[in-house]
Amino acid sequence: MDDSVRALSRIQSMVGCLRARVVGMTRVHMADAEVAREATYGLWERNPRLSARVVLLRSQKIMVAITLIALVVALVLAPVGTVVAVVGVSSVVFLASTAFKFWVSLRGARYDLVDHIDPEEIAALDDAELPVYTVLVPVFREANIVHRLVTNLGALDYPSDKLEVLILVEEEDDETRAAIDASHTPDYMTVVVVPRGKPQTKPRACNVGLSLCTGEFVVIYDAEDAPDPLQLKKSFLGFRHAGDRTAVMQAQLNYFNARENVLTRMFTLEYSYWFDYMLPGLDVDTLPIPLGGTSNHFRTSMLRELGGWDPFNVTEDADLGIRAGALGYRVGIVDSVTWEEANTSIPNFIRQRSRWIKGYMQTSLVHARSPRLLIAELGWRRFWGFALLIGGTPLTFLGVLPFAVITFVTWLTPADVLDAYFPPAVLAVCLLNFLLGNSLVIYLNMMGPFKRGAFWLVPWALLNPLYWVLHSIAAYKGLGQLILRPHYWEKTEHGLSAQEGPAPADAPVA
């Protein structure tokens with residue numbers, strides 16, 4: 001029996017629920033119906049309070065209905081006063097959320113919490129002491145970049161007999177499976193066919209992979225990712241340095257096509273400040289950390305204890321970060337970069353961000369179902385951190401367009417008319433939002449490039465108010481989908497960049 005068949009038999013005996021066949025150079029496993037059912041409904045069956053399968057509980061629907069009725073009645077009885085009150089409250093929420101992010105980022109700027117791994121410590125690692133490491137790669141309609149994917153994963157510096165790569169492909173995606181087979185994948189890479197089912201989401205596919213994986217640690221990569229070849233070893237050492245309560249090591253993300261156009265520059269500014277300042281700031285104050293969607297390295301046992309991902313939540317990473325925080329688990333940050341492809345087109349950007357913002361809305365609604373329980377789990381300080389970051393972010397983006405319209409209307413309205421309808425205090429808060437809010441966000445984005453030495457990006461931060469307008473458009477699209485298609489996964493197209501992407505070992509500095 002050759003090595004590939006032995007490995008196949010071992011997986012079958014451990015899992016007991018797979019059908020397998022060998023196709024060319026690629027091992028292919030068809031997950032069975034029971035695995036797919038557990039991947040879809042497992043979290044909901046064990047703890048429906050934490051699942052986004054139901055958008056609003058009955059109690060939440062009653063609260064929403066009461067609020068809307070009260071708002072309509074108030075508009076009928078006192079239209080001007082109601083509008084003024086709504087604008088005033090919205091302005092305070094907008095400013096509070098922005099100020100919170102600014103404060104957290106400044107806290108992060110004071111500390112270097114990234115776990116820096118000594119190269120000599122990496123060199124001293126003995127392959128025999130390394131654990132089995134599972135790499136999950138969910139792909140869907142990615143035939144155009146499969147060759148790049150196989151090349152990038154093949155560059156990982158980790159002993160092949162300790163490496164388990166599961167490429168998770170949807171059952172109907174014959175084109176991607178054929179492209180993988182044509183790429184001559186090594187023995188440690190296996191295609192796992194995810195059975196048809198709803199919702200057809202990345203977290204559902206990842207749950208299928210989690211049920212099959214045998215590694216002590218597991219990491220998620222997206223199809224276009226080019227991870228640092230030493231990332232698995234660095235993360236293993238990061239876990240060794242961290243305490244037992246550290247469930248996740250988050251690698252940093254950046255873009256290989258940062259210079260391609262204005263949108264890719266704005267993407268890079270945003271990610272630089274998020275990973276270099278925002279995440280360390282959240283970590284130093286032990287606030288809940290919404291994970292990134294890729295390059296999350298988990299202790300497999302803790303990930304299973306958390307219940308895996310919620311397949312009904314379209315930002316499963318952020319939701320999982322909140323659930324980990326509620327159990328007192330920590331998130332570490334390791335000094336390893338995964339290079340990704342920044343969105344090069346506005347329509348693709350709107351699709352991606354509408355899903356992310358819809359997911360933040362889902363996560364807010366899910367964890368707001370039992371406020372008292374959430375406060376008991378997180379404590380008041382961390383609860384407010386969750387409210388301002390996860391709940392405040394979509395509210396902030398929803399407020400951008402209305403506030404922009406109100407600002408321009410007030411400039412065109414005579415002062416005596418404004419004084420008659422809008423109290424000076426409300427106008428002052430609106431003006432503060434426009435000036436201070438935008439200034440804070442521009443400053444945050446200007447901070448981003450400094451740690452990475454990409455100073456050429458700094459002037460582009462001045463365009464952030466326009467970038468936020470795109471976020472606001474995406475937020476309204478996400479809100480509409482939350483109402484009409486809550487579990488629909490708006491796919492982001494990859495492979496659109498004119499740049500092929502760097503080999504991991506040759507990745508440029510942004």
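- In this structure, R323 does not pair ionically with D310, as no charged nitrogen and carboxylate oxygen lie closer than 4.0 Å.
- Between V208 and A39, the shortest heavy-atom contact is CG2-CB, 3.6 Å.
- Relative to the six-membered ring of F267, R353 meets both conditions, a distance below 6.0 Å and an angle of at most 45° to the axis.
- Under the 3.5 Å distance criterion, the side-chain polar atoms of Y488 are left unmatched by any main-chain donor or acceptor of Q481.
- Sequence neighbours left out, the pairs with a member in residues 42-61 that pass salt bridge (Lys or Arg N to Asp or Glu O under 4.0 Å) are R37-E45, E38-R46, R49-E377.
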Please assess L444 against F102 for the test side-chain contact (heavy atoms from CB on, under 4.5 Å), listing each intermediate value before the final yes or no.
CA-CA 7 Å; L444 285 176; F102 182 72; 3.8 Å; yes
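- Interatomic distance, R351 CZ to I346 CD1, rounded to the nearest 0.5 Å: 12.0 Å.
- In this structure, E175 places its CD atom where only 12 or fewer heavy-atom neighbours from other residues, nucleotides or ligands lie under 6.0 Å away.
- In this structure a side-chain-to-backbone donor-acceptor pair under 3.5 Å is missing from T134 to C213.
- Contact between H367 and L374 at its shortest, heavy atoms only, is O-CD2, 3.1 Å.
- With W489 as the aromatic partner, R355 meets the cation-pi criteria of under 6.0 angstrom to the ring centre and within 45 degrees of the ring axis.
- Side chain of H297 to backbone of Q231: no donor-acceptor contact under 3.5 angstrom is found.
- Proximity of V137 to L166: side-chain heavy atoms (C-beta onward) are nowhere separated by under 4.5 Å.
- When side chains are defined from C-beta on, L279 counts as touching W274, because their heavy atoms get closer than 4.5 Å.
- Under 3.5 Å, the side chains of N348 and S345 contain no donor-acceptor pair of N or O atoms.
- The number of heavy atoms from other shown groups lying within 6.0 Å of CG (L327) is above 12.
- Between W468 and F94, the ring planes are perpendicular. Angles over 60° get that label, and only those under 30° would be called parallel.
- By the 4.5 Å heavy-atom criterion applied to side chains, T40 and F312 are counted as neighbours.
- Note that CG of L463 and CD1 of I442 are 8.5 Å apart. Values are rounded to the nearest 0.5 Å.
- With sequence neighbours excluded, the residues satisfying ring pair (Phe, Tyr, Trp, His ring centres under 6.0 Å) with Y467 are F349, H471.
- Other residues, nucleotides and ligands place no more than 12 heavy atoms under 6.0 Å from the CZ atom of R372.
- For the residue pair M278 and S105, the shortest heavy atom distance occurs at SD-OG, 3.6 Å.
- Among all heavy-atom pairs drawn from A461 and N445, the shortest one is CB-CB, 3.8 Å.
- Here the straight-line distance linking atom CG of L291 with atom CG of N296 works out to 5.0 Å at 0.5 Å rounding.
- Summarising the geometry, atom CZ belonging to F397 is positioned 12.5 Å from atom CD1 belonging to I473; distances are rounded to the nearest 0.5 Å.
- In terms of heavy atoms, K358 sits closest to L482 at CD-N, 3.7 Å.
- Sorted by first and then second residue, the salt bridge (Lys or Arg N to Asp or Glu O under 4.0 Å) pairs involving residues 475-487 (not counting sequence neighbours) are K477-E490.
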Steps toward side-chain contact (heavy atoms from CB on, under 4.5 Å) verdict (V218, L136)
CA-CA 7 Å; V218 59; L136 300 182; 3.7 Å; yes
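- A donor-acceptor pair is defined here as one N or O able to donate and one able to accept, closer than 3.5 Å; no such pair exists between the side chain of T338 and the backbone of P227.
- Side-chain contact between L71 and V86 is present, with at least one heavy-atom pair separated by less than 4.5 Å.
- Side-chain contact between V64 and L68 is present, with at least one heavy-atom pair separated by less than 4.5 Å.
- Taking each heavy atom of E164 and L212 in turn, the nearest pair found is OE2-O, 4.3 Å.
- A donor-acceptor pair under 3.5 Å is formed between the side chain of S472 and the backbone N or O of L401.
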Set out, in order, the CA-CA distance, both residues' side-chain angles and the distance that settles side-chain hydrogen bond (donor to acceptor under 3.5 Å, both in side chains) for E172 and Q200, then state yes or no.
CA-CA 11 Å; E172 68 268 33; Q200 190 178 61; 2.5 Å; yes
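- Two rings, from F217 and F239, have their centers less than 6.0 Å apart.
- Here the CG atom belonging to L282 is positioned 6.0 Å from the CZ atom belonging to F100, to the nearest 0.5 angstrom.
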Do V92 and V89 pass the side-chain contact (heavy atoms from CB on, under 4.5 Å) test, and can you show the C-alpha distance, the side-chain angles, and the key distance before you say yes or no?
CA-CA 5 Å; V92 170; V89 171; 5.8 Å; no
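- Counting only heavy atoms from C-beta outward, the side chains of I167 and I180 approach each other to under 4.5 Å.
- Under the side-chain hydrogen bond (donor to acceptor under 3.5 Å, both in side chains) criterion, the residue pairs touching residues 378-397 are S97-T396, K101-T393, T286-R381, with sequence neighbours excluded.
- E316 and Q362 form no side-chain donor-acceptor contact under 3.5 Å, judged by distance and modelled atom types alone.
- Here the CG atom belonging to L479 is positioned 10.0 Å from the CG atom belonging to L395, to the nearest 0.5 angstrom.
- When side chains are defined from C-beta on, F275 counts as touching Q250, because their heavy atoms get closer than 4.5 Å.
- In this structure, the side chain of N257 engages the main chain of A342 through a donor-acceptor pair within 3.5 Å.
- Side chains of T264 and E341 form no contact here, defined as non-hydrogen atoms less than 4.5 Å apart.
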Given L306 and L320, is the side-chain contact (heavy atoms from CB on, under 4.5 Å) satisfied, shown in steps?
CA-CA 8 Å; L306 288 167; L320 189 58; 4.0 Å; yes
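- Judged by distance alone, the side chains of R204 and N207 never bring a donor and an acceptor atom under 3.5 Å apart.
- Ring pair Y271/Y255 is tilted by interplanar angle, where 30° to 60° counts as tilted.
- In this model, a donor atom of one side chain and an acceptor atom of the other lie less than 3.5 Å apart for D276 and Q252.
- Between the side chain of D222 and the backbone N or O of D225 there is no donor-acceptor pair closer than 3.5 Å.
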Would you tabulate the side-chain donor-acceptor contacts of residues 139-146 under 3.5 Å, counting partners in other chains and residues two or more places apart, or write 'none'?
from : atom 1 : to   : atom 2 : distance (Å)
E142 : OE2    : K491 : NZ     : 2.9
E142 : OE2    : H494 : ND1    : 3.0
N144 : ND2    : H494 : O      : 3.1

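- Within the 3.5 Å criterion, the main-chain N or O of L398 finds a donor-acceptor partner in the side chain of Y476.
- E340 and N254 share no side-chain donor-acceptor pair at under 3.5 Å.
- Remark: the backbone N or O of A475 is not paired with any side-chain donor or acceptor of S354 at under 3.5 angstrom.
- Legend: residues meeting side chain to side chain donor-acceptor pair (under 3.5 Å) with N313, ordered by chain and number and at least two apart, are T315, T363.
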